[in-house]
Amino acid sequence: MNAPYTSGRWPERSLLGMLPEPARRELLGLGVEVRYDTGDVLLSEGARDRHVLLLLSGFAKVTATLENGQVTLLAVRVGGETVGEMAAVDGAGGPGDAVPRSATVTACGPLAARLLQPAVLRELLMRRPEVGLALTRIVSDRLRWANRRRMEFRGYPVKVRLARLLLELAAAYGQPGEGGGVVMGCGLTQPELAALTGAAETTVHKGLRELREEGLLETGYRSTTLRDLARLRRVAELA
């Protein structure tokens, strides 16, 4: 049985984490609950459906296909966040007005979500302007995050970029671990970390090995624990 939906269950900067309790409760009562298993596709790049998914638990990866046919990881999304909201608000007409989805979203383990049709979301935004404000803030955060990634690709070596990415993921999705440290709430493979840092997989492998040897992190099967955030911030060249 799922744990009760409480405000402390989701990351602070997720939609459910930002909303006041009345708006959160109303949002959680909309749509229908759907469940996915590892590898299930929640949303498909190029599709013209327009529903939005509010993730309740688990996490998913957002990927897109490049012009050369390679698939690159754009972001991760966890419980409390939405996926597909851009398609839900693009266009006010029927399916013919829908803009093709720009990315594919895939479940990385068991995942529960609520599926909302675009009309339901628009009606909620009319009743609850605080939901619209929270979504605007989230879109702004995502754009700012993408801009930082592009600037860091040019301005910092891979080890610094990797340390910054790990700190951001820990801040957003981390949980206190046994014996101190922070356990990452989402397990990413080395190719996925390479995609998010704009680096070669071999270079990311070298960076992770150095961070492990320096006692800054531990890695296991699809798990990462950050052991010393203060030292990791110095590696990341963050004040």
Side-chain angles (χ1 to χ4, degrees), residues 2-36 41-64 74-107 111-150 168-169 171-173 185-186:
N2 288 334
Y5 297 139
T6 60
S7 58
R9 183 178 173 185
W10 297 285
E12 288 185 5
R13 297 187 71 83
S14 68
L15 179 60
L16 290 177
M18 288 182 188
L19 291 178
E21 185 60 32
R24 182 188 302 113
R25 190 181 306 114
E26 182 172 354
L27 177 57
L28 287 168
L30 298 176
V32 295
E33 184 163 334
V34 290
R35 293 184 175 273
Y36 301 91
V41 174
L42 284 64
L43 304 172
S44 298
E45 183 178 1
R48 291 183 178 271
D49 48 16
R50 297 173 57 203
H51 60 274
V52 60
L53 290 168
L54 173 67
L55 306 186
L56 303 176
S57 63
F59 80 97
K61 296 172 187 175
V62 184
T63 59
L74 301 179
V76 294
R77 298 286 179 254
V78 300
E81 298 188 294
T82 56
V83 292
E85 68 281 347
M86 291 177 62
V89 299
D90 274 342
D97 297 326
V99 177
R101 294 196 186 272
S102 58
T104 293
V105 181
T106 307
L111 183 150
R114 294 201 72 83
L115 187 153
L116 282 69
Q117 295 299 334
V120 173
L121 178 62
R122 288 196 299 271
E123 290 171 2
L124 175 67
L125 296 179
M126 294 293 290
R127 293 194 307 273
R128 293 281 188 181
E130 61 267 43
V131 178
L133 290 173
L135 281 173
T136 299
R137 179 181 174 188
I138 289 168
V139 171
S140 176
D141 283 349
R142 292 176 181 177
L143 289 173
R144 192 176 296 113
W145 188 87
N147 287 336
R148 282 202 304 273
R149 291 282 79 73
R150 285 193 288 269
E168 286 192 8
L169 292 175
Y173 312 126
C186 53

For a quick test of reading the model, state the closest non-hydrogen atom pair linking [X] to [Y] and the distance between them.
{"X": "W10", "Y": "L16", "result": "CE2-CD1, 3.5 Å"}
{"X": "P100", "Y": "G46", "result": "CB-O, 3.7 Å"}
{"X": "V78", "Y": "P11", "result": "CG2-CG, 3.9 Å"}
{"X": "L19", "Y": "A134", "result": "CD2-CB, 4.0 Å"}
{"X": "L54", "Y": "G80", "result": "CD1-O, 4.2 Å"}
{"X": "A60", "Y": "V105", "result": "CB-CG1, 3.7 Å"}

Within this structure, what is the [atom1]-[atom2] distance for the pair [X] and [Y], rounded to the nearest 0.5 Å?
{"X": "D49", "Y": "L115", "atom1": "CG", "atom2": "CG", "value": "9.0 Å"}
{"X": "E33", "Y": "L28", "atom1": "CD", "atom2": "CG", "value": "9.5 Å"}
{"X": "L43", "Y": "T104", "atom1": "CG", "atom2": "OG1", "value": "8.5 Å"}
{"X": "W145", "Y": "L74", "atom1": "CH2", "atom2": "CG", "value": "8.0 Å"}
{"X": "Q117", "Y": "E123", "atom1": "CD", "atom2": "CD", "value": "11.5 Å"}

Between M18 and E130, does a side-chain contact (heavy atoms from CB on, under 4.5 Å) hold up when you go through it step by step? CA-CA 9 Å; M18 288 182 188; E130 61 267 43; over 6 Å; no

CD (E26) with more than 12 external heavy atoms under 6.0 Å: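 Yes.
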
As a quick check of understanding, evaluate salt bridge (charged side-chain N to carboxylate O under 4.0 Å, His left out) for R101 and E45, giving each step before the final call. CA-CA 5 Å; R101 294 196 186 272; E45 183 178 1; over 6 Å; no

Can you check whether T136's main-chain N or O pairs, donor with acceptor, with S140's side chain at less than 3.5 Å?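 Not confirmed, S140 side chain does not pair with T136 backbone.
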
Candidate pair H51 and V120, rule side-chain contact (heavy atoms from CB on, under 4.5 Å), full reasoning: CA-CA 9 Å; H51 60 274; V120 173; over 6 Å; no

Can you name the residues that form a side-chain hydrogen bond (donor to acceptor under 3.5 Å, both in side chains) with R142, not counting sequence neighbours? E85

Under 4.5 Å between any side-chain heavy atoms of R114 and L56, yes or no? yes

Side-chain touch L116/T82, heavy atoms, less than 4.5 angstrom: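 Answer no - side chains too far apart.
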
Step by step, would you call L15 with L27 a side-chain contact (heavy atoms from CB on, under 4.5 Å)? CA-CA 10 Å; L15 179 60; L27 177 57; 3.8 Å; yes

